[in-house]
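Chain letters run A, B, ... following the sequence lines, proteins first and then strands; every chain starts at 1. The structure presented is a predicted model; accordingly, all values stated were derived computationally and were not measured.
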Amino acid sequence: MSDGVRVRFAPSPTGEPHVGNIRTALFNWLFARHTGGAFVVRIEDTDQERKVEGALESILASLRWLGLDWDEGPESEDGGSHGNFGPYFQSERLALYHEAAEKLLAGGDAYQCFCSPERLDAMRKEQQRNQQPPGYDRHCLTQLTAEERGRRAAVEPHVIRFRIPREDGTIYVNDFIRGQVAYEPTVLDDFVILKSDGYPTYHLANVVDDHFMEISHVMRAEEWLPSTPRHVLLYRSLDWEPPVFAHLPMILGPDRSKLSKRHGATSTLAYQQDGYLPEALTNFMALLGWSLDDHTEVFSRDELVEHFDLDRVGKAGAIFNAEKLTWMNGLYIRQLPPEELAERILPFLERPHAEGGLSDSVERPLDAAFVATLTPLIQERLKRLDEAPELLSLFFEGLPSPAANDLVPKGVSPEQAAEALTAVVDRLTGVGEWEEVALEDALRPMADELGLKTGQLFGAVRAAVTGRTVSPPLFATMVALGRTHCMDALNNAVATLQARA
RNA sequence: GCCCCCAUGGUCUAGCGGCCUAGGACGCCACCCUUUCAAGGUGGAGAUCGCGGGUUCGAAUCCCGCUGGGGGCACCA
């Protein structure tokens with residue numbers, strides 16, 4: 001299955017792509033790369049009313065962010081395409097659809113329909129009332145002759161419907177993942193293939209494009225399975241060879257229903273904003289509906305490409321478990337070279353405070369070299385990049401004002417604490433090089449001397465120097481903070497305790 | 001209402017007739033390590049493999065029914 005593989009991701013620009021959409025893109029991309037085939041992106045912009053400003057942009061941005069490069073497709077947000085099977089915007093391929101529709105019309109496999117939306121609506125309501133399956137009643141096919149339809153079509157707005165061959169036998173859809181699925185033609189109705197505005201519906205456009213773009217495998221979400229018999233019929237009537245179909249299990253929200261906006265942060269780009277690494281998201285999404293074996297789950301991009309295959313794709317829908325994604329993200333963060341992590345963290349620190357960045361009073365741009373020295377302190381504490389500002393803010397703010405409470409460790413009196421911190425100030429004054437080992441050598445023995453536990457002493461110093469009870473390792477933190485900052489903070493802490501006493 | 005798909009711990013999954021007293025991972029709990037928080041290590045709780053029938057010497061694995069969940073039934077994709 002490596003010869004002439006051509007797959008496609010065919011989104012419609014109707015909104016921000018969510019992780020379900022992009023997971024489909026990922027599987028297509030992986031399959032293309034695995035087989036050495038082509039990955040094409042086609043924009044299905046046939047619905048003039050549902051078009052959303054900026055949607056195309058976020059689709060392409062999502063793909064780029066995740067590194068899902070396409071061999072053929074749109075060049076940029078401004079239009080333009082590359083590849084030999086273009087154009088890659090359906091709105092620019094109208095002639096092809098009309099040609100196909102004409103062919104179907106001529107062969108008697110399609111007919112013009114003049115029914116008004118009102119009539120169709122009333123018909124559907126009636127069917128619903130009678131608990132009948134909704135579907136077109138063939139009014140224009142049975143009440144009008146072909147001749148009459150042709151005459152009216154020249155002057156009246158109309159749609160073109162595909163005529164379901166009800167008299168034919170069972171329609172079989174061969175799905176690579178699900179096997180053979182049978183549909184009785186009688187449960188299908190004459191669906192619209194060409195709308196009155198001259199644009200095709202999904203069904204027609206899809207089949208025509210997949211044919212002319214020589215798509216070998218159609219991999220899409222399972223929600224498309226029920227419309228596949230229509231597509232099979234279209235291929236048959238057009239006398240074209242259908243591609244291999246593979247309907248991927250869906251990604252579900254926590255309530256097990258189809259993913260949608262109301263499930264919260266499902267937009268792919270939102271994960272970028274939330275500090276997830278593209279390699280982590282990719283790895284995680286690959287595991288939603290695909291697995292290699294019973295134990296491997298961390299894959300580099302190359303390993304994914306190497307191992308991915310359709311025959312290990314599952315059938316059941318999968319809930320997007322953000323907790324596991326977060327765990328995996330932390331794993332990838334820890335694996336990053338510190339310098340690279342620093343680069344990735346920088347924009348998260350620099351963005352406005354309202355968007356999660358450091359306080360706006362901190363001057364931008366930040367000193368990248370300084371950030372690089374800080375990064376190792378938080379690397380194994382980070383699960384998402386957007387947590388960096390919170391963890392690092394103490395290095396960018398002035399002297400802390402710790403709560404007196406935090407300066408007094410459990411089991412110690414305020415007086416003892418003040419005494420201890422005073423002693424620390426004294427001892428630190430004598431330290432030569434302000435570096436980790438020297439600081440530890442100076443401070444660690446003091447716990448015994450003062451009759452405190454190490455944790456108690458260090459806790460008090462931590463609170464004094466950082467203003468927090470939780471921080472990166474104390475001595476590294478103190479080095480990054482600098483001598484002056486630490487000594488001033490320590491003196492302030494002593495003063496705070498004395499004022500309270 | 002009709003059609004289709006699916007079904008292993010809370011979640012993602014391995015399992016394609018005997019290796020399963022059902023394995024891994026996330027999450028959860030405990031302990032260890034430890035200057036806090038993490039990370040790491042060890043151990044643990046958690047699944048009558050949705051239910052009921054078959055087939056078979058033997059079924060999580062095959063068949064049927066049921067139930068449950070999901071999806072689809074537009075001049076939307």
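Considering only side-chain atoms of A:T454, the nucleotide from B:U35, B:C75, B:C3 that sits closest is B:U35. Which of B:G24, B:A39, B:C76 sits closest to the side chain of A:K195 comes down to B:C76. When the nucleotides B:C75, B:U35, B:A77 are ranked by their closest atom to the side chain of A:F458, B:U35 comes out on top. Of the candidate nucleotides B:C75, B:G40, B:A77, B:A77 has the atom nearest to the side chain of A:E44. You'll find that the side chain of A:D47 is closest to B:A77, out of B:G40, B:A77, B:C37. Among B:U35, B:C75, B:G71, the nucleotide with an atom closest to any side-chain atom of A:R462 is B:U35.
Across all strands, A:P473 comes closer than 4.0 Å to base atoms (heavy-atom distances). As judged by a 4.0 angstrom heavy-atom cut-off over every strand, A:S257 is placed among residues touching the sugar-phosphate backbone only. Residue contacts for A:S196: at a heavy-atom cut-off of 4.0 Å it reaches a base atom on one of the strands shown. Nucleic acid contact class of A:S291 (heavy atoms, under 4.0 Å, all strands): sugar-phosphate only. Among the protein residues, A:R256 comes within range of the sugar-phosphate backbone only, with heavy atoms under 4.0 Å from sugar or phosphate atoms but none that close to a base. If you check every strand for non-hydrogen atoms under 4.0 Å, A:T46 touches sugar and phosphate atoms only. Using a 4.0 Å heavy-atom distance criterion, A:R312 is classed as a sugar-phosphate-only contact. A:P200 comes within 4.0 angstrom of sugar-phosphate atoms only, judged by non-hydrogen atoms across all strands, and of no base. As judged by a 4.0 angstrom heavy-atom cut-off over every strand, A:P249 is placed among residues making no nucleic acid contact. Using a 4.0 Å heavy-atom distance criterion, A:R444 is classed as a base contact. Counting any heavy atom pair closer than 4.0 Å across all strands shown, A:G289 reaches sugar-phosphate atoms only and no base atom. Across all strands shown, A:M250 has heavy atoms under 4.0 Å from sugar-phosphate atoms exclusively, and none from any base.
Between A:Y271 and A:F320, the gap from one ring centroid to the other is short of 6.0 Å. Aromatic ring centres of A:W290 and A:F308 lie closer together than 6.0 Å.
Residue A:E303 comes nearest to A:V298 through the heavy atom pair OE1-O, 4.0 Å, listed as atom of the first residue, atom of the second, then distance. When all heavy atoms of A:G275 and A:N329 are compared, the closest pair comes out as O-ND2, 3.1 Å.
Only the C1' atoms considered, B:C6 is 23 Å distant from B:A25, to the nearest whole Å. As rounded to the nearest Å, B:C49 and B:A59 have P atoms that lie 13 Å from one another. With both ends at atom P, the span from B:A39 to B:U48 equals 31 Å, rounded to whole Å. Nucleotides B:A60 and B:G52 place their C1' atoms 16 Å apart, quoted to the nearest Å. Of the P atoms belonging to B:G70 and B:C63, the separation is 25 Å, rounded to the nearest Å. Rounded to whole Å, the C1' atom of B:A14 lies 7 Å from the corresponding atom of B:G24.
In a base pair of the Watson-Crick type (N1 to N3 plus N6-O4 or O6-N4) or a G-U wobble (N1-O2 and O6-N3), with each distance short of 3.5 Å, B:U56 is matched with no nucleotide. In this structure B:A39 sits in no base pair that meets the Watson-Crick or G-U test at under 3.5 Å. B:G1 is paired with B:C73 under the Watson-Crick or G-U wobble criterion, all donor-acceptor distances under 3.5 Å. Nucleotide B:U48 has no partner under the Watson-Crick or G-U criteria, as no pair reaches both atom distances under 3.5 Å. Across all strands shown, B:A25 pairs with B:U11; the Watson-Crick or G-U wobble distances both stay below 3.5 Å. Across the strands present, B:C20 finds no partner; the criterion is a Watson-Crick or G-U wobble pair with both atom distances under 3.5 angstrom.
Going from atom CD of A:Q128 over to atom C1' of B:G1 covers 9 Å, rounded to whole Å. One can place CG of A:D294 at 14 Å from C1' of B:C16, the figure rounded to the nearest angstrom. Atom CG of A:D311 and atom P of B:A14 are 12 Å apart (whole Å). The interatomic distance linking A:W327 (CH2) with B:C28 (P) rounds to 13 Å, in whole Å. What separates OH of A:Y136 from C1' of B:C73 is a distance of 17 Å, to the nearest Å. One interatomic measurement links the two molecules: CZ of A:F89 to C1' of B:A77, which rounds to 16 Å at whole-angstrom precision. Taking atom CZ of residue A:F320 and atom C1' of nucleotide B:G27, one finds them 16 Å apart after rounding to whole Å.
Using a 4.0 Å cutoff on non-hydrogen atoms, the parts of residues 373-383 of chain A near RNA chain B are A:E380, A:R381, A:K383, ordered by number.
Contact annotation: A:R161 side-chain N/O to B:C75 OP1/OP2 distance is under 4.0 Å. Between B:A74 and A:R230, no contact under 4.0 Å exists linking OP1 or OP2 to a side-chain N or O. The side chain of A:K258 places an N or O atom within less than 4.0 Å of a non-bridging phosphate oxygen (OP1 or OP2) of B:G72. Side-chain nitrogen and oxygen atoms of A:K324 include none within less than 4.0 Å of the OP1 or OP2 phosphate oxygen of B:U13.
For the residue pair A:S267 / A:E16, a side-chain donor-acceptor distance below 3.5 Å is found, with atom types taken as modelled. Using modelled atom types, one finds no donor on one side chain facing an acceptor on the other under 3.5 Å when comparing A:Y97 with A:T46.
A cation-pi arrangement is not found for A:R230 relative to A:F162, the charged atom failing to lie both closer than 6.0 Å to the ring centre and inside a 45° cone about the ring normal. The cationic group of A:R93 does not satisfy the cation-pi geometry with A:F89, failing either the under 6.0 Å distance to the six-membered ring centre or the 45° limit from the ring axis.
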Can you check nucleotides 4-10 of chain B for protein contacts, nitrogen or oxygen pairs under 3.5 Å, and list what you find?
| residue | atom | partner | partner atom | Å |
| --- | --- | --- | --- | --- |
| B:C4 | O2' | A:Y183 | OH | 3.2 |
| B:C5 | O2' | A:R178 | NH1 | 2.8 |
| B:C5 | O2' | A:E222 | OE2 | 2.7 |

Check: protein-nucleotides 19-21 of chain B nitrogen or oxygen pairs below 3.5 Å:
none

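Residues A:P400 and A:H485 are in side-chain contact: their nearest non-hydrogen atoms beyond the backbone lie under 4.5 Å apart. Using a 4.5 Å cut-off on side-chain heavy atoms (C-beta onward), A:L120 and A:R124 make contact.
A ring pair (Phe, Tyr, Trp, His ring centres under 6.0 Å) with A:H231 is found for one member of A:F191, A:Y202, A:W224, A:Y183 and no other, namely A:Y202. Test A:N206, A:D209, A:D47, A:D45 against A:Q90 for side chain to side chain donor-acceptor pair (under 3.5 Å) and you get one pass: A:D209.
Atom CG of A:L188 sits about 5.0 Å away from atom CD1 of A:I171, to the nearest 0.5 Å.
Side-chain atoms of A:H158 never come within 3.5 Å of backbone atoms of A:Y111 as a donor-acceptor pair (strictly under, hydrogens ignored).
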